[in-house]
Amino acid sequence: NCGMPLTVGQGLLLDKTSKQIIREVKDRLIERSHKVTGELENSFEIVKTESGIQIWVNDYLYDLEFGKSPERAKQENFTSLATALAEWAANKGIAVRGSYDSVGQAMARKQQKLGTVIWRQYKGKSSGLFNGIVDESLVYDLTEKIGQERLNYIASSIVQRFSSITNMNL
């Protein structure tokens, strides 16, 4: 964008693309049997800056991509982690033997000892959750549309300027 502020048209293009990316992330989560509800569902936020757009989301999405190592799990307060996991299991409607509190505590102990399932499966590397969502084709298409929009904006400005000059000479 060469440091130039966004035009309204560019902002709309970026906003539309951001919404498309968010939709694809949510679809990918659903494909992987994650229920996109509650805190995660409501945490996606498009933040407009002077020269672009950022997509913000709950830190939990990082854990869905890379998992949580035992070291990271141990940094969390055990009671808070156990409570959060119990609430997560209850919100997901997971059938449990015993109470959700005891299940949350067992899950917290296991996470602090072995890490999350995703971390154990991928050893802290990317699970591929985002692969292909923002790819060369998307970037190229967006760049082309923004470039065309910028050219239209410049051409329109030249025509307006020329019209105002020629109208003054009449």
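Every side-chain hydrogen bond (donor to acceptor under 3.5 Å, both in side chains) that Lys26 has, sequence neighbours left out, goes to Glu41. Residues satisfying the side chain to side chain contact (heavy atoms under 4.5 Å, CB included) criterion with Ile46, sequence neighbours excluded, are Asp15, Ser18, Lys19, Ile22, Ile53. Remark: Val57 pairs with Leu40, Ser43, Phe44, Leu61 by the side chain to side chain contact (heavy atoms under 4.5 Å, CB included) rule, at least two apart or across chains. Take Lys145 and apply the side chain to side chain contact (heavy atoms under 4.5 Å, CB included) test, not counting sequence neighbours, and it matches Leu13, Asp141. Residues satisfying the side chain to side chain contact (heavy atoms under 4.5 Å, CB included) criterion with Ile158, sequence neighbours excluded, are Ile154. Take Tyr100 and apply the ring-ring contact (aromatic ring centres under 6.0 Å, His included) test, not counting sequence neighbours, and it matches no residue.
For residues 62-85, the ring pair (Phe, Tyr, Trp, His ring centres under 6.0 Å) pairs, not counting sequence neighbours, are Tyr62-Phe66. Sorted by first and then second residue, the side-chain hydrogen bond (donor to acceptor under 3.5 Å, both in side chains) pairs with a member in residues 89-98 read Thr37-Lys92; sequence neighbours excluded. For residues 68-85, every residue pair satisfying the side-chain hydrogen bond (donor to acceptor under 3.5 Å, both in side chains) rule, not counting sequence neighbours, is listed here: Asp63-Arg72, Lys68-Glu76, Ser69-Glu71, Asn77-Ser80. For residues 108-118, no pair satisfies side-chain hydrogen bond (donor to acceptor under 3.5 Å, both in side chains), with sequence neighbours left out.
Here the OG-NZ distance, from Ser127 to Lys125, works out to 13.0 Å after rounding to the nearest 0.5 Å. To the nearest 0.5 Å, the span separating CD on Glu87 from CG on Asp101 amounts to 9.0 Å.
A single hydrophobic cluster is not seen to contain both Trp119 and Trp88; linkage of ILVMFWY side chains at heavy-atom distances under 4.5 Å, directly or through other members, places them apart. Hydrophobic clustering of Ile, Leu, Val, Met, Phe, Trp and Tyr side chains at less than 4.5 Å, counting indirect connections, unites Val25 with Tyr60. Residues Phe130 and Ile30 share a hydrophobic cluster, clusters being chains of Ile/Leu/Val/Met/Phe/Trp/Tyr side chains in contact below 4.5 Å. One hydrophobic cluster, built from ILVMFWY side chains closer than 4.5 Å, holds both Val103 and Leu81.
Cluster partners of Val117 are absent, since no Ile, Leu, Val, Met, Phe, Trp or Tyr has side-chain heavy atoms less than 4.5 Å from it. Under the 4.5 angstrom side-chain criterion for Ile, Leu, Val, Met, Phe, Trp and Tyr, the cluster partners of Trp56 are Val47.
Looking at every heavy atom in both residues, Gly115 comes nearest to Pro70 through N-CG, 3.5 Å.
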Inset, instruction - Evaluate side-chain contact (heavy atoms from CB on, under 4.5 Å) for Ser126 paired with Glu65, printing each intermediate quantity in order. - result: CA-CA 6 Å; Ser126 169; Glu65 171 71 7; 2.3 Å; yes

